Amino acid sequence: MEFAGLSVSRETIERLELFQKLLEKWTTKINLVSRSTLTDARERHLIDSAQLFHHMPRNALHWVDLGSGGGFPGLVIAILAKQLAPDLHVTLVESDTRKATFLRSIIRETEAEASVMNARIEALEPLDADVISARAVANLDKLLTWTHRHLSPDGTALFLKGETWKKEISDAQGQWSFSCKSHKSITEDNAVVLEIGDLSYV
Ligand SMILES: C[S@@+](CC[C@H](N)C(=O)[O-])C[C@H]1O[C@@H](n2cnc3c(N)ncnc32)[C@H](O)[C@@H]1O
């Protein structure tokens, strides 16, 4: 079966559908995603997140998702990895306790290889991640500050960014040196996946 251009099993699709169903149920109580996006949650949240999987370095073992909220993109990656990259562990960092409880519940239900750190990103000891991801959490400059602390020296950061992405890059370049590729989003016009490496202070 196909999902976001990936070849996946029926079991993986069923896990993703279970996640979507529970997201819809819990969003009536917690603000996990904007309610107006629920009718199109598969495309707007699940496929939007899954596209990052195409840019994961092959030898990655530890993926850290900053500000996971309802699990995007990190928990989608963990569900896909259960089948497609079984050695990968995903750490979801989320400061909101109710959202962290939701994330733990989905991990239990889907048996994804993931764990939740219910903490502020700024408060964490370095995580030595092979991959860091984030969507809709902070501007690029702030994401790079966090990435510098938590990404291994040869790691890759994958950020989903909307139409301000070019300005965010030029703003960040005053302070940071980094390699950057932009991949056009498969779900949204004017949005990109930024693939960032070789990060250091200018
Ligand atoms: C707008 S939501 C986006 C959630 C998810 N990434 C998505 O795309 O649907 C931002 C999330 O980041 C979390 N967050 C923001 N700043 C944080 C910080 N400094 N440490 C940990 N979590 C943070 C918030 O609690 C919130 O759940």
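Quantities reported herein were computed from a predicted structural model and do not represent experimental measurements. Both ligands and their constituent atoms are indexed starting at 1 by order of listing.
Looking at ligand 1, you won't find any N or O of Val93 less than 3.5 Å from one of its N or O atoms. Residue-to-ligand polar distances place Arg120 within reach of ligand 1: an N/O pair is separated by less than 3.5 Å. Polar contact check, Trp146 against ligand 1: no nitrogen or oxygen pair lies under 3.5 Å apart. Checked by distance only, ligand 1 and Pro73 stay at 3.5 Å or farther apart across all their nitrogen or oxygen atoms.
Of all atoms in ligand 1, numbered sequentially from 1 with element shown, those under 4.0 Å from a heavy atom of Lys99 are 26 (C), 27 (O). Atom numbering of ligand 1 starts at 1 in the shown order; those under 4.0 Å from a heavy atom of Phe72 are 5 (C), 6 (N), 7 (C), 8 (O), 9 (O).
The proximity of Ser68 to ligand 1, defined as any non-hydrogen pair under 4.0 Å, is limited to the backbone. Heavy atoms of His45 found under 4.0 angstrom from ligand 1: none, in either backbone or side chain.
Under a 3.5 Å cut-off, the side chain of Lys82 and the backbone N or O of Glu111 do form a donor-acceptor pair. Here the side chain of His148 pairs no donor or acceptor atom with the backbone of Tyr201 at under 3.5 angstrom. Side-chain atoms of Asn118 come within 3.5 Å of backbone N or O of Ser95 as a donor-acceptor pair.
Take Arg135 and apply the salt bridge (charged side-chain N to carboxylate O under 4.0 Å, His left out) test, not counting sequence neighbours, and it matches Asp48. Remark: Asp171 pairs with Lys167 by the salt bridge (charged side-chain N to carboxylate O under 4.0 Å, His left out) rule, at least two apart or across chains.
Residues Thr156 and His55 have side chains that never bring a donor and an acceptor to within less than 3.5 angstrom of each other. Judged by distance alone, the side chains of Asn190 and Trp165 never bring a donor and an acceptor atom under 3.5 Å apart. Side chains of Thr12 and Gln83: a donor-acceptor N/O pair is present below 3.5 angstrom, by distance only. At a cut-off of 3.5 Å, with distance as the only test, a side-chain donor of Trp63 or Ser133 sits close to an acceptor on the other residue.
Ranking protein heavy atoms by distance to atom 25 (O) of ligand 1, first place goes to Glu94 OE2, 2.6 Å. Shortest contact from atom 23 (C) of ligand 1 to any protein heavy atom: Ser95 OG, 3.6 Å. When only non-hydrogen protein atoms are considered, atom 11 (C) of ligand 1 lies nearest to Gly67 O, 3.6 Å. Distance from atom 18 (C) of ligand 1 to its nearest protein heavy atom, with residue and atom name: Ile121 CD1, 3.7 Å. Protein heavy atom at the shortest distance from atom 9 (O) of ligand 1 is Arg135 NH2, 3.1 Å. Closest to atom 15 (C) of ligand 1 among all protein heavy atoms lies Val137 CG1, 4.1 Å.
The option with the heavy atom closest to atom 3 (C) of ligand 1, from among Gly69, Ala136, Gly70, Ala119, is Ala136.
A distance of 9.0 Å separates CG in Asp154 from CG in Asp198, rounded to the nearest 0.5 Å.
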